[in-house]
Protein chains: 2
Amino acid sequence: MNLITRNTDYAIRALCYIVKSNKDIVSVKELVEGLKMPRPFLRKVLQELNKKGILRSYKGKNGGFVLATRPENIYISKLIEIFQGPIKLQEHTFKKKICPEIKSCVLKKKIDEVENYTILKVNSLSIASLLKTGK
Amino acid sequence: MNLITRNTDYAIRALCYIVKSNKDIVSVKELVEGLKMPRPFLRKVLQELNKKGILRSYKGKNGGFVLATRPENIYISKLIEIFQGPIKLQEHTFKKKICPEIKSCVLKKKIDEVENYTILKVNSLSIASLLKTGK
DNA sequence: TGTAATGATACTATAACAGTATCTTTATGT
DNA sequence: ACATAAAGATACTGTTATAGTATCATTACA
Ligand code: FES
Ligand code: FES
């Protein structure tokens with residue numbers, strides 16, 4: 001099981017790269033060279049970040065991407081939500097009720113606790129905080 | 001994302017059923033009727049539990065399954081391990097190192113914390129403890 | 001107006017998960 | 001003995017999420 005899928009991971013690393021680069025604008029070309037990712041996949045990821053207002057894109061020659069949100073305000077939780085949807089660790093709440101006593105079920109409660117803990121953790125992490133300790 | 005997959009879930013509920021039934025031996029037929037699960041899938045699950053020493057099976061007419069381990073000693077963590085392998089929430093440790101600074105990476109550390117918390121939770125739950133509060 | 005960039009979108013590949021189908025083996029009741 | 005009802009073993013199929021590719025349209029600069 002993977003808490004963070006490939007596209008979210010690429011997003012995180014691309015954003016970190018853009019911040020660290022200290023450039024006015026960063027193109028996909030540069031990102032691919034710097035981060036060794038498959039170009040078309042990364043492009044899709046960046047386009048999504050643009051749509052969601054995390055990045056701002058510029059088309060045409062010398063185009064590329066610029067941060068549209070300050071690194072302190074880009075939370076990992078937000079990125080996960082964009083690429084993977086809301087964090088949830090169990091399905092049986094809305095799928096067919098496979099558990100006989102869904103309200104009192106201890107197992108469900110425990111998993112809810114894990115879920116809350118997970119959300120807490122990813123909420124406490126921003127792109128900025130990743131870079132701070134990374135250097 | 002699902003912390004507990006269908007086969008693990010079926011295993012949990014089948015084991016609970018067997019304990020609650022208070023019978024000498026329980027057949028797949030009865031389990032299917034009581035729990036409304038697809039018979040061939042449940043059979044596969046039970047066979048696995050037999051192989052792993054959680055259940056003991058009896059072949060032939062009037063055959064079926066019996067608990068081979070006391071409910072207090074059947075941990076959810078064990079069942080997860082049997083059907084889903086060891087609990088891990090990130091892959092990038094052994095897959096190609098996509099993170100530039102894997103040792104100092106804050107993200108990895110946080111996910112490790114979530115992982116440990118998760119393991120703690122499922123280690124604290126046994127079939128017996130599920131039934132205690134379930135009644 | 002050519003070119004180098006992104007936007008949009010449809011397609012393909014892979015793997016994990018979920019479930020089925022079929023045949024073999026074993027024990028039991030008659 | 002033997003029909004029958006159980007589990008064992010194993011191979012196959014369907015479905016979904018993830019990962020990645022391919023193509024064409026649009027835009028802006030020089
Ligand atoms: S709510 Fe699903 S097992 Fe209890
Ligand atoms: S170790 Fe994978 S993102 Fe840091």
**OP:** Using only side-chain N and O atoms of Arg39(A), determine if any of them is under 4.0 Å from OP1 or OP2 of dT21(D).
**Re:** no
**OP:** Please determine if a side-chain N or O atom of Ser27(A) lies less than 4.0 Å away from the OP1 or OP2 oxygen of dA4(C).
**Re:** no
**OP:** Measure from CZ on Arg56(B) to C1' on dG8(D) and round the result to the nearest Å.
**Re:** 14 Å
Original post:
When the nearest nucleotide of DNA chain C is assigned to Asn50(A) and to Phe83(B) on a heavy-atom basis, which residue is associated with the more 5' position?
Top reply: Asn50(A)
Subject >> Options dT6(C), dC29(D), dA7(D), nucleotide nearest the side-chain atoms of Phe65(A) >> reply: dT6(C)
Original post:
From dA6(D), dT3(C), dG7(C), pick the nucleotide closest to the side chain of Lys29(B)?
Top reply: dA6(D)
**OP:** Please state whether the phosphate of dT28(C), meaning OP1 or OP2, lies under 4.0 angstrom from any side-chain nitrogen or oxygen of Tyr58(B).
**Re:** no
Original post:
Can you check whether Tyr10(B) has a side-chain N or O nearer than 4.0 Å to OP1 or OP2 of dG19(C)?
Top reply: yes
Original post:
Are Tyr75(B) and Ile127(B) grouped together when hydrophobic residues (ILVMFWY) are joined by side-chain heavy atoms under 4.5 angstrom apart?
Top reply: no
**OP:** Spell out, as yes or no, whether a donor-acceptor pair under 3.5 Å connects the side chain of Asn50(B) to the backbone of Ser57(B).
**Re:** yes
Original post:
Tyr58(B) ring centre to Arg56(B) NZ or CZ under 6.0 Å, with the angle to the axis within 45°?
Top reply: yes
Subject >> Rounded interatomic separation in angstrom, taking CG from Asp24(B) and P from dA6(D) >> reply: 16 Å
Original post:
What's the CE-C1' distance between Met37(B) and dG19(C), to the nearest Å?
Top reply: 14 Å
Subject >> Rounded distance in Å - NZ (Lys61(B)) to P (dA5(D)) >> reply: 6 Å
Subject >> Distance-only donor-acceptor test (3.5 Å): side chain Lys44(B), base dG19(C) >> reply: yes
**OP:** Would you tell me whether Gln90(A) and Asp112(A) have side-chain atoms, one donor and one acceptor, within less than 3.5 Å of each other?
**Re:** yes
**OP:** Just compare dG19(C), dG20(D), dA9(D) and give me whichever is closest to any side-chain atom of Lys51(B).
**Re:** dA9(D)
Subject >> Pairwise 5' ranking along DNA chain D for Arg43(A) and Gly60(A), keeping only the more 5' one >> reply: Arg43(A)
Original post:
Can any side-chain N or O of Gln84(A) pair as donor or acceptor with the backbone N or O of Leu3(A) at less than 3.5 Å?
Top reply: yes
Original post:
Does NZ or CZ of Arg13(A) come closer than 6.0 Å to the centre of the six-membered ring of Tyr10(A), within 45° of the ring's axis?
Top reply: no
Original post:
What is the distance from CD of Gln47(A) to P of dA5(C), rounded to the nearest Å?
Top reply: 15 Å
Subject >> Any Thr5(B) side-chain nitrogen or oxygen under 4.0 Å from OP1 or OP2 of dA16(C) >> reply: no
Subject >> Proximal nucleotide (of dT3(C), dA7(D), dG20(D)) relative to the Lys59(B) side chain >> reply: dA7(D)
**OP:** Any chance you could measure Ile54(B), atom CD1, to Thr69(B), atom OG1, to the nearest 0.5 Å?
**Re:** 4.5 Å
Subject >> Short side-chain N/O contact from Arg6(B) to OP1 or OP2 of dG19(C), under 4.0 Å >> reply: yes
Original post:
Atom CE of Met1(B) and atom P of dA15(C): how far apart are they, to the nearest Å?
Top reply: 21 Å
Original post:
Same cluster for Ile25(B) and Ile18(B) if Ile/Leu/Val/Met/Phe/Trp/Tyr side chains link at under 4.5 Å?
Top reply: no
Subject >> Under 4.0 angstrom between Asn62(B) side-chain N/O and dA27(C) OP1 or OP2 >> reply: no
Original post:
Between the two end axes of the helix from dT1(C)-dA30(D) to dT30(C)-dA1(D), each built from 5 base pairs, what angle do you get to the nearest 10°?
Top reply: 10°
**OP:** Let me know the distance between CD of Glu48(A) and P of dA19(D), rounded to the nearest Å.
**Re:** 15 Å
Original post:
Going by an N to O cut-off under 4.0 Å, is there a salt bridge joining Glu113(A) and Lys121(B)?
Top reply: yes
Original post:
Rounded to whole angstrom units, what separation is found between the CD atom of Glu30(B) and the P atom of dA7(D)?
Top reply: 11 Å
Original post:
Counting side-chain heavy atoms from C-beta on, which of dA19(D), dA7(D), dG19(C) comes nearest to Ser57(B)?
Top reply: dA7(D)
**OP:** Have a look at Pro40(A) and say if it touches a base, only the backbone sugar-phosphate, or nothing, with a 4.0 Å heavy-atom cut-off.
**Re:** base
